Every structure is written in structure tokens, then in C-alpha cells.
Amino acid sequence: MNQNQQLFAAAQKHIPGGVNSPVRAFGSVGGTPRFFKKGLGAYVWDADDQRYIDYVGSWGPLILGHTHPDVLEAVINAAKNGMSFGAPTAAEVELADLICKMLPSIEQVRLVSSGTEATMSAIRLARGFTGRDKLVKFEGCYHGHADSLLVKAGSGLLTFGNPSSAGVPASVAADTLVLPYNDVAALEALFAEIGEQIAAIIVEPIAGNMNMVQASAEFVQAMRKLTENYGSVLIYDEVMTGFRVGLQCTQGLHGIKPDLTCLGKVVGGGMPLAAFGGRNDIMAKLAPLGPVYQAGTLSGNPVAVAAGLATLKLISEYGFFNQLSIQTKKLCDGLIQIAKETNTIFSTQSVGGMFGFYFSKNIPQSFADVMNSDRTKFNSFFHGMLNKGIYLAPSAFEAGFVSAAHSDQDIIDTLEVARLVFLEIS
Ligand SMILES: *Cc1c(COP(=O)(O)O)cnc(C)c1O
């Protein structure tokens with residue numbers, strides 16, 4: 001057994017499934033998860049000292065690559081002054097001001113420790129603000145693991161959702177309605193029927209948890225118009241896309257002002273930090289100002305805030321996203337070219353530093369489309385790449401990420417490997 005295998009066996013003794021978050025277990029692709037011991041720039045090294053070019057970036061946060069010197073320095077300096085106070089600090093004021101400056105839709109923001117906390121709190125706030133219980137989400141979108149979000153579609157348009165996890169009460173799931181992504185007609189029909197009961201729509205405006213699927217312009221307009229007309233809250237879950245697809249996130253690209261926005265991943269620069277924020281009148285309902293309770297011992301943690309601030313400052317530098325988009329597109333264009341040459345059915349797209357690739361002819365528009373892609377082929381591709389030192393997300397349902405540390409040579413090296421693997425699997 002190599003080191004990764006030994007560690008995975010040992011891990012399973014006292015950690016359920018050997019992992020602290022399920023997809024890390026390689027369940028859908030099979031094989032042994034890699035245990036990492038070091039990251040630098042675009043690279044990670046596993047327990048057997050194998051180096052990989054990393055396109056996961058800790059599932060999105062590491063937009064500057066691993067251990068960026070400025071971020072590292074900010075973290076070390078903050079830690080030296082105290083790991084946590086459970087009391088306000090100047091740095092969290094600076095981060096809140098910066099977030100509000102970068103995203104015009106956010107007038108007030110609260111810092112939390114995970115994306116799950118951000119979405120869960122935003123939903124409670126939307127319910128408290130509207131005095132309504134019903135929540136609309138879309139098939140294939142992931143918003144963390146709070147009870148009311150672990151829900152799958154029931155049968156028929158107006159059947160309320162069913163739990164997608166054991167342990168979620170049916171009564172909780174019943175208040176969540178699940179519609180197909182990008183289906184304007186279904187959304188309009190639902191609002192026509194029970195719009196007055198709907199507290200909020202929560203959406204990944206570019207979905208990154210069913211591979212990558214973009215909301216159409218019509219879908220975005222319909223969500224904004226219907227929530228406005230019916231007095232519901234529009235929540236953009238930008239935990240993944242926030243500061244990843246552009247400096248003003250997806251909402252900037254869409255020219256949309258959501259009522260509430262959830263942030264995570266990049267905003268914490270690799271540390272446990274997330275946020276939710278939006279309209280003043282909604283945020284004013286939050287404790288201690290208002291009746292909606294929300295709190296956290298480590299919220300606004302000074303070390304995490306330092307990592308977030310350092311990261312946001314660096315990505316705000318002139319031309320950052322332009323360069324990152326070009327680099328990501330080089331990877332996608334290269335893959336398409338190789339797929340053509342090897343007669344592989346394949347498509348791909350990217351926005352900013354986020355990309356999707358699919359073993360299907362067309363770019364998917366919904367969860368059903370993603371389900372129809374060739375997932376067996378994905379698994380062969382994944383393992384082929386992994387064996388040759390390219391680390392992709394271990395599931396056909398995840399988006400990929402390029403960081404500012406990925407050089408031209410890294411992209412060229414990745415494409416060279418991809419050509420070999422495409423030939424192997426075609
Ligand atoms: C990752 C993610 C979450 C959950 O964030 P955690 O920090 O893992 O709790 C929520 N929404 C979206 C869109 C995400 O990508």
C-alpha cells in the first residue's frame with residue numbers, strides 16, 4: 001500500500017468514510033482519495049510526494065493559488081495578535097466596507113464561518129422579513145446542508161419537496177419547492193398559483209454544483225420580476241461564484257440587484273469565512289436590530305478576515321479578472337481542440353476563473369442535461385488525468401477552477417496530458 005492508501009485505511013477507523021466532507025471520498029469516481037501535505041501556487045503534493053497541477057483549489061477559495069505570500073503574511077500577522085476574541089475588531093469593519101463597496105446590492109453584511117451558515121441565515125432572514133414560509137430552489141443547485149435545502153423535487157409541479165437526506169423532517173422539506181433550472185414557464189406557473197406564500201427564491205446564478213450551468217437571461221429576468229411583483233426575496237447564492245467569475249460576481253455580469261447575496265469560498269481566501277448581506281431594510285430585521293436571530297462564536301474571526309481582506313485586495317488589482325479569464329479560456333479552448341482531434345464528444349465553457357467541461361455534445365442548461373452527459377467517460381478521464389499529475393474535482397457534478405498562479409506552461413502541460421488521456425479513452 002502506498003501512503004495515500006495507508007492514510008485512507010487509517011482515516012476510516014475514526015472518521016466516517018475517512019473524510020470530513022463526503023465528495024472527498026472519491027465515491028463517484030472510485031479509487032483512493034489523495035491526502036495532501038503541501039500546496040504552493042498552482043500545485044499540490046500528496047502523501048506519496050506526487051505533484052499535481054490543481055484545478056480544485058480547495059473547491060474554489062484559492063483564486064490566488066496555494067500559500068500566496070501576501071495572504072500568508074496577513075494570516076500570520078493576524079494570528080500573532082490573537083486567534084479569536086468573540087468581540088468586534090477593526091479588520092471586520094474594513095472587510096464589511098470593502099464587500100459593500102465591491103457589490104452595490106449589499107448595503108449591510110454579516111460575516112459567518114461557512115457557506116451553509118450564510119444560506120441558512122439568509123433564508124431565515126427572508127422568512128422573518130416576509131412573514132412567509134415557502135422557499136423556491138432549483139434542481140441541481142447546492143446551497144449547503146441546512147435542512148430546508150436538502151430537498152429534491154416531488155412529483156408534479158405543485159407537490160412540495162421531499163427530503164434528499166435522511167434526518168430532514170418531511171414537514172421542513174414541505175416548505176421547499178424545487179423547480180427545474182432555467183425553466184421560466186414552471187417558475188411563472190408556480191408564482192401565479194402561490195406567489196403570495198413565497199418568502200424567497202434562492203439560486204446559484206451560475207450553478208457550479210451540477211458541473212457548471214449558467215442561468216439564461218430570460219430566467220434571470222423572470223426571477224427578478226416575479227420576486228418583485230410578489231414581494232418575495234431574491235437570494236443570489238454566490239458562495240462559489242462570488243469574486244470568482246468577476247469582481248462584481250455574477251450579479252455584476254447579469255446587471256441584476258438581488259435582495260440578498262450569500263458569499264463564501266473566495267471571500268475567505270482559504271480560511272473558514274463566509275457572509276450574507278443585502279438591502280438595508282431586510283438586514284435591519286437581523287438581531288440585535290431586529291427579531292431574526294443569528295449568531296456565531298467565531299464569526300468575523302480575525303485570522304479568517306485577514307485572509308479574506310488580503311485576497312480581495314489582490315483580486316481588485318487592475319486587469320486581474322481579465323488575465324484570469326484569458327487563462328481559463330486557454331484551458332477550455334485547448335480541451336475542445338484536442339477533443340475534436342480525437343473525435344471525442346465534448347463541450348466546455350468558462351466565466352472568469354470558473355469552468356465546466358462535459359462529455360456531451362452541447363453545453364447543459366439544466367440538471368437533466370448534466371445527467372445525460374457520459375459520466376463513465378468522465379470517470380475514465382478523471383483517473384487518466386490524476387495518474388498523470390492533474391488534479392480535477394472527483395465528480396462529474398463539480399465546476400473546475402483556474403487560479404492566478406496557473407502559468408502558460410501549466411496550461412500547456414495540462415493540455416499535453418489531456419491529449420494522451422483523450423486518446424486512451426476515445
Ligand atoms: C460551497 C457552497 C455552499 C456551501 O458552503 P460551505 O462553506 O461548504 O458550507 C453553498 N452554496 C454554494 C453555491 C456553494 O458552492
Side-chain angles (χ1 to χ4, degrees), residues 19-25 55-63 103 110-126 135-151 164-165 176 178 181 200-215 220 223 234-246 249-251 253-254 258 260-278 294 296 298-301 304-305 307-308 311 351-356 367 370 393-401:
V19 291
N20 284 310
S21 197
V23 73
R24 296 179 194 173
Y55 290 100
V56 179
S58 186
W59 301 93
L62 300 181
I63 195 163
L103 289 178
R110 177 150 291 171
L111 303 182
V112 293
S113 303
S114 73
T116 293
E117 253 189 284
T119 56
M120 178 187 79
S121 307
I123 288 163
R124 183 181 307 135
L125 180 58
L135 173 71
V136 176
K137 80 178 278 286
F138 302 100
E139 202 179 11
C141 288
Y142 176 70
H143 304 289
H145 61 90
D147 281 357
S148 47
L149 292 162
L150 290 180
V151 177
S164 63
S165 159
T176 302
V178 185
Y181 198 76
I201 291 179
I202 186 164
V203 65
E204 281 186 82
I206 298 174
N209 289 286
M210 48 169 158
N211 206 315
M212 176 175 161
V213 179
Q214 296 199 53
V220 167
M223 287 191 289
L234 178 59
I235 306 172
Y236 260 33
D237 179 356
E238 300 227 46
V239 169
M240 184 182 289
T241 54
F243 309 121
R244 166 54 71 180
V245 298
C249 314
T250 317
Q251 51 198 268
L253 303 174
H254 285 171
L260 293 177
T261 299
C262 300
L263 299 167
K265 300 194 168 106
V266 173
V267 80
M271 293 290 286
L273 186 131
F276 66 100
Q294 188 278 334
L298 295 175
S299 291
N301 174 268
V305 165
T311 301
V351 181
M354 176 173 171
F355 65 90
F367 184 62
V370 175
S395 159
F397 297 104
E398 307 291 345
F401 305 103

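Note: hydrogens, waters and symmetry copies are ignored here, and every other heavy atom, side chains too, is used. All ligand and atom numbering here is 1-based and tracks the order in the structure. From a predicted model like this one, the values you see are computed outputs, not experimental measurements.
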**OP:** May I ask you to identify the nearest protein heavy atom to atom 11 (N) of ligand 1, giving residue, atom name and distance to one decimal place in Å?
**Re:** Asp237 OD2, 2.7 Å

Subject >> Nearest non-hydrogen protein atom, atom 5 (O) of ligand 1 >> reply: Gly115 CA, 3.1 Å

Original post:
Where does the angle between the aromatic ring planes of Phe397 and Phe367 fall among parallel (under 30°), tilted (30 to 60°) and perpendicular (over 60°)?
Top reply: tilted

Original post:
Tell me, do Phe243 and Thr311 make a side-chain contact under 4.5 Å, heavy atoms counted?
Top reply: no

**OP:** Quick one: look at Lys265 and ligand 1, take heavy-atom pairs under 4.0 Å, and tell me if it's side chain, backbone, both or neither.
**Re:** side chain

Subject >> Spacing of Lys137 atom NZ and Ser148 atom OG [to the nearest 0.5 Å] >> reply: 10.0 Å

Original post:
Taking C-beta and beyond as the side chain, do Glu204 and Thr241 meet within less than 4.5 Å on heavy atoms?
Top reply: no

**OP:** Classify the contact between Glu204 and ligand 1 as side chain, backbone, both or neither, using a heavy-atom distance cut-off of under 4.0 Å.
**Re:** side chain

Subject >> Atoms of ligand 1, numbered as shown, that sit under 4.0 Å from any heavy atom of Ser114 >> reply: 7 (O), 9 (O)

**OP:** Using heavy-atom distances, let me know which of His145, Arg244, His143 sits nearest atom 10 (C) of ligand 1.
**Re:** His143

Subject >> Distance-only donor-acceptor check, side chains Arg110 and Gln294, under 3.5 Å >> reply: yes

Original post:
What part of Asn209, side chain, backbone, both or neither, has a heavy atom within less than 4.0 angstrom of ligand 1?
Top reply: side chain

Original post:
So which heavy atom in the protein is nearest atom 3 (C) of ligand 1, and how far is it from that ligand atom?
Top reply: Val239 CG1, 3.7 Å

**OP:** Report yes if the side chains of Leu149 and Ile202 come closer than 4.5 Å at any heavy-atom pair, otherwise no.
**Re:** yes

**OP:** State, yes or no, whether a side-chain contact exists between Met240 and Phe401 at a heavy-atom distance under 4.5 Å.
**Re:** yes

**OP:** Give the residue and atom name of whichever protein heavy atom lies nearest to atom 8 (O) of ligand 1, and the separation in Å to one decimal.
**Re:** Thr116 OG1, 4.6 Å

